[in-house]
Amino acid sequence: ETPEFLAAFQARIDADEKIEPKDPMPAAYRKTLIRQIGQHAHSEIVGMLPEGNWITRAPTLRRKAALLAKVQDEGGHGLYLYSAAETLGISRDQMTEELLSGKAKYSSIFNYPTLTWADIGAIGWLVDGAAIMNQVPLCRCSYGPYARAMIRVCKEESFHQRQGYEIMLTLSRGSDEQKEMAQDALNRWWWPSLMMFGPSDGDSQHSDQSTRWKIKRFTNDALRQKFVDATVPQGEKLGLTFPDPDLKWNDDKGGYDFGEIDWDEFWRVVKGQGRMNVDRIAARRKAWEDGAWVREAAMAHVEKRKTQMAA
Ligand code: ACO
């Protein structure tokens with residue numbers, strides 16, 4: 001890759017041109033996208049597990065239908081994203097192997113357990129709320145297939161966020177016990193949701209380069225701050241208390257100050273030692289193995305069609 005090639009590529013990025021699959025691109029740009037889109041796809045797929053856990057126990061038929069639709073959407077997002085990554089020259093089988101072997105990461109958030117129905121509310125409100133904050137800017141990312149996939153994904157995520165907030169609203173206006181459930185879910189999901197945005201800017205190894213390539217449009221800390229500012233008033237409307245004594249409005253910066261994230265916990269979870277990491281991967285491995293016959297049957301069908309066409 002000559003300096004001229006790299007400069008010409010950067011000029012296209014600077015001019016806000018979209019990069020498409022067959023366009024020449026630096027190897028490192030391709031690698032970064034495969035890493036990020038792959039991780040994102042895995043997050044959607046693993047993200048089906050904590051909520052799937054509650055489909056059979058949803059309190060009403062309406063809640064069950066909404067939760068089923070949401071979990072199904074997440075499966076769809078995963079498939080879009082795997083397809084977007086495939087345009088960069090990696091296969092879905094390879095990405096799956098990397099997930100199952102522990103080489104590829106997925107979002108830390110999905111390594112926490114869903115203990116009560118209120119967790120489904122908190123996940124929709126907070127986790128999907130954080131996902132939207134992070135993903136709306138990705139609709140303007142420089143890589144065409146990723147940017148376009150994000151448009152539909154974000155629309156569906158807003159429905160997810162609202163269904164979660166509505167669960168929290170219902171619980172927080174309910175009996176004392178329901179209010180307590182909502183508060184307990186907020187207590188357990190608040191900090192892990194803030195961790196979703198990734199390490200602080202000083203520790204974020206990919207941010208500078210990804211920002212120059214317009215893959216990232218905001219830094220991890222900037223998005224985290226936007227999320228806190230948008231979410232705190234929503235929590236106050238619910239009459240709930242955030243589990244952070246340092247959370248307070250700061251007039252000078254026009255945003256909330258908040259306490260320090262437990263980064264040891266973050267890295268432990270990212271490195272595989274969260275409460276649910278082993279279970280999540282075991283569930284994905286089982287799904288992959290149980291689905292082997294479907295993949296084999298699909299391939300056999302393609303082969304048969306080919307022979308029929310040739311005859
Ligand atoms: N969970 C797990 N790993 C993380 C997390 C997290 N919350 N945040 C950062 N990391 C990892 C990065 O993947 C990177 O590891 P790697 O080099 O082995 O790939 C490392 O920590 C350092 O972080 P950064 O340099 O800040 O990494 P990056 O620039 O990729 O930023 C971010 C991380 C913000 C998550 C980015 O990849 C992104 O925007 N991804 C797309 C959105 C996404 O994946 N969302 C998933 C959850 S939302 C959902 O599925 C509903």
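Whatever order the structure lists them in is the order used to number ligands and atoms, beginning at 1.
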Of all the atoms in ligand 1, which lie at a distance below 4.0 Å from a heavy atom belonging to [X]?
X: G198; result: 8 (N), 9 (C)
X: M196; result: 7 (N), 48 (S)
X: F197; result: 34 (C)
X: Y106; result: 1 (N), 2 (C)
X: S108; result: 1 (N), 2 (C), 6 (C), 7 (N)
X: M195; result: 7 (N)
X: E44; result: 50 (O)

Tell me, yes or no, whether the heavy-atom count around [X] atom [atom1], taken from other residues, nucleotides or ligands under 6.0 Å, exceeds 12.
X: K226; atom1: NZ; answer: no
X: K304; atom1: NZ; answer: no
X: E177; atom1: CD; answer: no
X: R295; atom1: CZ; answer: yes
X: R57; atom1: CZ; answer: yes

Geometric class of the F266/W263 ring pair [parallel <30°, tilted 30-60°, perpendicular >60°]: perpendicular
Ring geometry between W213 and F9 (parallel below 30°, tilted from 30 to 60°, perpendicular above 60°): perpendicular
How does [X] reach ligand 1, by side chain, by backbone, by both or by neither, if only non-hydrogen atoms under 4.0 Å count?
X: N220; result: side chain
X: D203; result: neither
X: F266; result: side chain
X: H77; result: neither

Between ligand 1 and [X], is the shortest N or O to N or O distance under 3.5 Å?
X: Y146; answer: no
X: K105; answer: yes
X: R35; answer: yes

Name the closest protein heavy atom to [atom], giving the residue it belongs to and the distance to 0.1 Å.
atom: atom 42 (C) of ligand 1; value: N134 OD1, 3.0 Å
atom: atom 22 (C) of ligand 1; value: Q205 OE1, 3.6 Å
atom: atom 50 (O) of ligand 1; value: S43 CB, 3.4 Å
atom: atom 24 (P) of ligand 1; value: S204 OG, 3.4 Å

Heavy-atom closest contact (I215 atom, C141 atom, distance): O-CB, 3.8 Å
Heavy atoms only: which of [options] is nearest to [atom]?
atom: atom 47 (C) of ligand 1; options: G274, A131, S107; answer: S107
atom: atom 17 (O) of ligand 1; options: K216, H206, M133, E157; answer: H206
atom: atom 48 (S) of ligand 1; options: R224, Q135, R217, H40; answer: Q135
atom: atom 13 (O) of ligand 1; options: Q36, H42, Q39; answer: Q39

Assess whether a salt bridge exists between [X] and [Y], defined as any Lys/Arg side-chain N lying under 4.0 Å from an Asp/Glu carboxylate O.
X: R162; Y: E166; answer: no
X: D23; Y: R12; answer: yes
X: R217; Y: D16; answer: yes
X: R188; Y: D184; answer: yes
X: R35; Y: E98; answer: no

Nearest-0.5 Å distance, CD of residue E86 to CE of residue M95: 5.0 Å
Test item, P199 contacting ligand 1 (heavy atom, 4.0 angstrom): yes
